Amino acid sequence: MTTTIEVFAEVTCPFAHVSLRRFVDERTRRGSHEHLHVLAWPLEVVNGTPLDADFIAEEVDDIRAAVAPDLFTGFAATAFPASSIPGLALAAAAYRVGTAAGEAVSLELRDLLFEQGVDVSDPDVLDAVAARHGIDRADADDAAVFADHAEGVARGVIGSPHFFTRSGGFFCPALDVSRDEQGHLRI
């Protein structure tokens, strides 16, 4: 039986990247058939300002050291997108083609950003991703991103990533972010 797990996530959120990668790894290990439907949770809309590349780089360093030494191998703060909305819109367009296409595009965008250091708002990058997955980039519209956000608000999404399974919803349950006495980020 195939199950779809919904997750509201920001494409530029390193916590979402780890969560989605770990989900896929575990799914593969188990040989299970769950699929991800990754809905947009645009943090630049939620927070009223785009994410700061230097702050994300600090999170990436801490996450890599604490829980994911195998991830973020090619992350480059200089390639951090000014906006995640174009990438989120492309993923939404891919889901309109099918669950497999949507999941693949959602994962590839995160891989490009966090593992290859590529700006996932660059139109040429988005055109190449769309072509690889048979998506018409003209179908990628910002309205789908804002519709996902509105749905997330209505469903009580707390942050990125926020999962919804058959047994309920939960926000990144193992996440604890704080600063120590010297001001260093601790995850």
Side-chain angles (χ1 to χ4, degrees), residues 4-28 34-46 50-53 55-64 66-95 97-133 135 137 140 144-145 148-149 152 157 159-164 171-172 174-175 177 187:
T4 299
I5 296 172
E6 295 178 311
V7 57
F8 286 81
E10 166 62 65
V11 74
T12 60
C13 173
F15 305 108
H17 178 59
V18 171
S19 296
L20 297 175
R21 287 286 296 265
R22 295 298 189 243
F23 174 89
V24 170
D25 291 347
E26 184 63 16
R27 176 180 68 190
T28 300
E34 293 91 358
H35 294 286
L36 292 168
H37 186 156
V38 185
L39 296 119
W41 188 248
L43 289 174
E44 66 194 79
V45 173
V46 172
L51 295 177
D52 178 70
F55 179 73
I56 296 300
E58 188 178 3
E59 286 184 333
V60 162
D61 288 344
D62 222 45
I63 293 168
R64 187 183 309 121
V67 297
D70 58 321
L71 296 179
F72 305 104
T73 56
F75 178 74
T78 56
F80 196 77
S83 173
S84 63
I85 291 177
L88 293 168
L90 179 61
Y95 275 106
V97 170
T99 302
E103 180 181 306
V105 168
S106 292
L107 296 172
E108 182 175 348
L109 290 170
R110 288 166 175 84
D111 185 72
L112 287 167
L113 174 61
F114 290 116
E115 305 303 330
Q116 299 177 43
V118 174
D119 179 352
V120 295
S121 68
D122 181 303
D124 292 335
V125 170
L126 294 172
D127 285 343
V129 172
R132 277 193 292 279
H133 296 279
I135 310 300
R137 250 310 285 298
V145 174
D148 282 358
H149 174 255
V157 169
S160 175
H162 194 121
F163 292 84
F164 288 90
F171 168 64
C172 206
L175 178 62
V177 181
I187 299 174

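Since the structure is predicted, the reported quantities are computational estimates derived from the model, not experimental observations. As a basis for the values below, the full set of heavy atoms in this structure was taken, side chains included, without hydrogen atoms, waters or symmetry mates. This chain uses plain numbering: 1 for the first residue, then up along the sequence.
Between A40 and D148, the shortest heavy-atom distance links the atoms N-OD2, 2.9 Å. For the pair V145 and P42, the tightest heavy-atom approach, listed with the atom from each and the gap, is CG1-CG, 3.8 Å.
For the pair F15 and S160, the minimum side-chain heavy-atom distance is 4.5 Å or more. At a threshold of 4.5 Å between non-hydrogen side-chain atoms, the residues T12 and P81 count as touching. With a 4.5 Å cut-off on side-chain heavy atoms, I56 and P14 count as touching. Within the 4.5 Å cutoff, the side chain of I85 has heavy atoms near those of the V45 side chain. The shortest side-chain heavy-atom distance between S19 and F163 falls under the 4.5 Å cut-off. Residues L71 and F114 fail the side-chain proximity criterion, which asks for heavy atoms closer than 4.5 Å. Inter-residue side-chain proximity for L113 and V11 is flagged as unmet; no heavy-atom pair is nearer than 4.5 Å.
Sequence neighbours left out, the pairs with a member in residues 116-128 that pass salt bridge (Lys or Arg N to Asp or Glu O under 4.0 Å) are D127-R137. For residues 97-106, the side chain to side chain donor-acceptor pair (under 3.5 Å) pairs, not counting sequence neighbours, are R27-E103. Screening residues 81-95 for salt bridge (Lys or Arg N to Asp or Glu O under 4.0 Å) gives no qualifying pairs among residues at least two apart or on separate chains. Sorted by first then second residue, the salt bridge (Lys or Arg N to Asp or Glu O under 4.0 Å) pairs that include residues 69-83, not counting sequence neighbours, are R22-D70.
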Exercise for review: Would you check, one step at a time, whether the test side-chain contact (heavy atoms from CB on, under 4.5 Å) holds for Y95 with V105?
Suggested key: CA-CA 9 Å; Y95 275 106; V105 168; over 6 Å; no

Check your understanding: So L20 and L107, side-chain contact (heavy atoms from CB on, under 4.5 Å) or not? Walk me through it.
Key -> CA-CA 8 Å; L20 297 175; L107 296 172; 3.9 Å; yes

Practice item. Quick one: do R110 and R21 satisfy side-chain contact (heavy atoms from CB on, under 4.5 Å)? Show the steps, please. Key: CA-CA 9 Å; R110 288 166 175 84; R21 287 286 296 265; over 6 Å; no

Exercise for review: Carefully, step by step, assess L51 and F80 under the rule side-chain contact (heavy atoms from CB on, under 4.5 Å).
Suggested key: CA-CA 9 Å; L51 295 177; F80 196 77; 3.9 Å; yes

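In this structure, the separation between NE2 on H35 and OG1 on T4 is 6.5 Å, given to the nearest 0.5 Å.
Partners of F8 according to the ring-ring contact (aromatic ring centres under 6.0 Å, His included) rule, which considers only residues two or more places apart in sequence or in another chain, are F164. Applying the side chain to side chain contact (heavy atoms under 4.5 Å, CB included) criterion to D61, with sequence neighbours excluded, gives R64. The ring-ring contact (aromatic ring centres under 6.0 Å, His included) search around F23 returns none, not counting sequence neighbours. Qualifying side chain to side chain contact (heavy atoms under 4.5 Å, CB included) partners for V118, counting only residues two or more places apart in sequence or in other chains: L112, Q116, V125. Every residue meeting the salt bridge (charged side-chain N to carboxylate O under 4.0 Å, His left out) condition with E26, not counting sequence neighbours, appears here in chain and number order: R29, R30. Looking at residues two or more places apart in sequence or on another chain, you find a side chain to side chain contact (heavy atoms under 4.5 Å, CB included) between P86 and S83, S121, L126. Remark: D52 engages D54, F55 in a side chain to side chain contact (heavy atoms under 4.5 Å, CB included) (not counting sequence neighbours). Taking the ring-ring contact (aromatic ring centres under 6.0 Å, His included) definition, one finds that H133 meets it with nothing, sequence neighbours left out.
Not a single donor-acceptor pair under 3.5 Å links the side chain of E10 to the backbone N or O of A16. Panel note: side chain E115, backbone T73; a donor-acceptor pair is recorded below 3.5 Å.
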